[in-house]
Amino acid sequence: MNYEYYKIFYYVGKHKNITRAAVELYSSQPAVTRAIQNLETELGCRLFVRTKSGVEFTHEGQVLFDYVRIAHSQLLKGEDEISHSISADSGTIYIGTTVTALYEYLFDVLDDFHLKHPNVKFKINTGSNNSTIEKLKSGIFDIAFVSTPCNTSKPLNTVKIKSFNDILIAGNNFAELKEKTLSLNDLKDYPLVSLRHSMQLRQFIDDVFAENGISVTPDIEADSADLLVPMISHNFGLGFVPRGMAQEAITQGKVFQVKLQDELPERNICMITDPHHPQTNASREFYKMIVKTISK
């Protein structure tokens, strides 16, 4: 079955005129005529007869048109439903993010977007930089947010959207440190909480220690960044966390920031998209809103 023939048949029947059908289809009159002739050959009957003003249905043509008209109407309704579901004011945006990016940036921007587009739904999945990027490339996510250090390459589109700092925090059992300023080398004397090897924050911290000729072994390793603040607040040790992730616990007095002689280098939150996968109107609007805010 050639659905294109039925589409052409519908417009010829709608206008009862091959020329007007060709105009609406952005086609040529000979091409429309050939399509009708091919459809008649496939069905084994005449569908139209020519008149002075155009064409008229044969009996078989009228019977077929009644069915095609219903099918065409249903297809238009389907298109309307799809258009609504992918509009900037509805639909679903699939987001992959690291926990760091979620706390340092994404929560706030999601709040702003939701106020402007309350009918848009979000599906948010957290994971490591590598797993998030791989799922984006597979088309599982519309857009991804990761923290540096990260490894991306063309054709992925990577935009740095915010810089942030990691800070050293401690629970209240280490209250004596509130009045002290520590060097990185001093941390060898305290229990440390960190992420497991291969995770971006752990890689970053290990690199900082290595650049300063220091070797440390964490006492506790976690497999997710959102476990760091709770473990530190329960006094398992000191630990480095993104400032945004620690802020609520600091405000509540569960942990405090430990002063360091030298701040750690800044890191960045990056937004990543894959041009190989189509964006919905809602995800494009979300992307444009973020780009607009960082360009101010």
Side-chain angles (χ1 to χ4, degrees), residues 97-109 126-132 145-151 160-271 294:
T97 181
T98 62
V99 173
T100 296
L102 190 63
Y103 278 90
E104 283 294 332
Y105 180 77
L106 198 52
F107 276 138
D108 290 337
V109 76
T126 59
S128 67
N129 273 10
N130 291 338
S131 67
T132 297
F145 297 86
V146 300
S147 54
T148 56
C150 61
N151 296 313
K160 291 182 180 180
I161 54 178
K162 182 186 177 183
S163 60
F164 69 97
N165 288 101
D166 298 283
I167 60 174
L168 182 66
I169 61 172
N172 290 317
N173 282 5
F174 298 91
E176 74 277 3
L177 296 179
K178 290 182 179 181
E179 306 302 322
K180 294 184 178 180
T181 299
L182 301 182
S183 67
L184 290 178
N185 195 56
D186 291 332
L187 299 184
K188 294 189 296 184
D189 300 327
Y190 296 92
L192 294 179
V193 176
S194 186
L195 293 176
R196 58 178 170 78
H197 282 290
S198 80
M199 300 188 73
Q200 274 62 43
L201 176 57
R202 173 64 180 275
Q203 176 186 333
F204 173 70
I205 297 301
D206 284 352
D207 288 345
V208 170
F209 278 114
E211 289 169 3
N212 287 272
I214 303 168
S215 178
V216 295
T217 302
D219 294 79
I220 295 181
E221 295 183 346
D223 63 1
S224 177
D226 54 1
L227 295 176
L228 293 176
V229 174
M231 289 194 297
I232 295 169
S233 69
H234 282 84
N235 301 294
F236 288 108
L238 283 61
F240 289 98
V241 298
R243 185 183 299 275
M245 192 181 297
Q247 193 57 57
E248 183 176 354
I250 292 174
T251 301
Q252 294 173 348
K254 295 179 179 180
V255 299
F256 62 92
Q257 181 176 350
V258 179
K259 298 185 184 70
L260 288 173
Q261 289 180 358
D262 297 297
E263 286 191 355
L264 300 187
E266 282 188 343
R267 293 199 289 151
N268 291 284
I269 303 297
C270 296
M271 176 173 62
I294 63 178

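- The CG atom of Leu106 sits 11.0 Å away from the OG1 atom of Thr126 when rounded to the nearest 0.5 Å.
- Pairs passing the salt bridge (Lys or Arg N to Asp or Glu O under 4.0 Å) check and including a residue from residues 205-215, sequence neighbours excluded, read Arg202-Asp206.
- The backbone N or O of Asn173 lies less than 3.5 Å from a partner atom in the side chain of Asn235, making a donor-acceptor pair.
- Lys180 NZ to Lys178 NZ: the interatomic distance, rounded to the nearest 0.5 Å, is 14.0 Å.
- Met271 CE to Thr97 OG1: the interatomic distance, rounded to the nearest 0.5 Å, is 12.0 Å.
- Within a 6.0 Å radius of CD in Glu248, other residues, nucleotides and ligands contribute 12 heavy atoms or fewer.
- Leu192 contributes atom CG, which lies 11.0 Å from atom CD of Glu221 (distance to the nearest 0.5 angstrom).
- In this structure, the side chains of Lys259 and Glu179 stay at 4.5 Å or more apart for every pair of heavy atoms.
- At least one side-chain heavy atom of Phe204 sits under 4.5 Å from a side-chain heavy atom of Pro149.
- Using a 4.5 Å heavy-atom threshold, the side chains of Phe240 and Ile167 count as separate.
- Shown here are the side chain to side chain contact (heavy atoms under 4.5 Å, CB included) partners of Lys188, two or more places apart in sequence or in another chain: Asn185, Ile214, Val216.
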Quiz item: Should Thr148 and Cys270 be marked as a side chain to side chain contact (heavy atoms under 4.5 Å, CB included) after you check the CA-CA gap, both sets of side-chain angles, and the distance that decides it?
Solution: CA-CA 7 Å; Thr148 56; Cys270 296; 3.8 Å; yes
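- Phe256 pairs in a side-chain contact (heavy atoms from CB on, under 4.5 Å) with only one of the listed residues (Leu168, Leu177, Ile250), which is Leu177.
- The closest side-chain heavy-atom distance from Val208 to Leu184 is below 4.5 Å.
- Considering only residues two or more places apart in sequence or on other chains, Asp166 meets the side chain to side chain donor-acceptor pair (under 3.5 Å) condition with Arg267.
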Practice problem: Could you give me the CA-CA distance, side-chain angles and deciding distance for Met245 and Val229, then say whether side chain to side chain contact (heavy atoms under 4.5 Å, CB included) is met? | Solution: CA-CA 8 Å; Met245 192 181 297; Val229 174; 4.2 Å; yes
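- By the 4.5 Å heavy-atom criterion applied to side chains, Leu264 and Ile205 are counted as neighbours.
- Judged by distance alone, with hydrogens and angles left aside, the side-chain atoms of Thr132 form a donor-acceptor pair with the main-chain N or O of Ser128 at under 3.5 Å.
- In this structure, CD1 on Ile169 lies 8.5 Å from CG on Leu238, to the nearest 0.5 angstrom.
- By the 4.5 Å heavy-atom criterion applied to side chains, Val99 and Ser224 are counted as neighbours.
- Residues Leu201 and Leu228 meet the side-chain proximity criterion, which asks for heavy atoms closer than 4.5 Å.
- By the 6.0 Å and 45° rule, Lys162 does not stack over the aromatic ring of Tyr105.
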Practice problem: Show your reasoning for whether side chain to side chain contact (heavy atoms under 4.5 Å, CB included) applies to Thr100 and Phe164. | Solution: CA-CA 10 Å; Thr100 296; Phe164 69 97; 3.6 Å; yes
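- Looking at heavy atoms from C-beta onward, Glu104 lies out of side-chain contact with Ser147 at the 4.5 angstrom threshold.
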Practice problem: Report the C-alpha separation of Asp186 and Ser183 in whole Å, then their side-chain angles, then the decisive distance to 0.1 Å, and conclude whether the side chain to side chain donor-acceptor pair (under 3.5 Å) test is met. | Solution: CA-CA 5 Å; Asp186 291 332; Ser183 67; 3.1 Å; yes
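- Annotation: the span from Thr98 atom OG1 to Phe145 atom CZ amounts to 10.0 Å, rounded to 0.5 Å.
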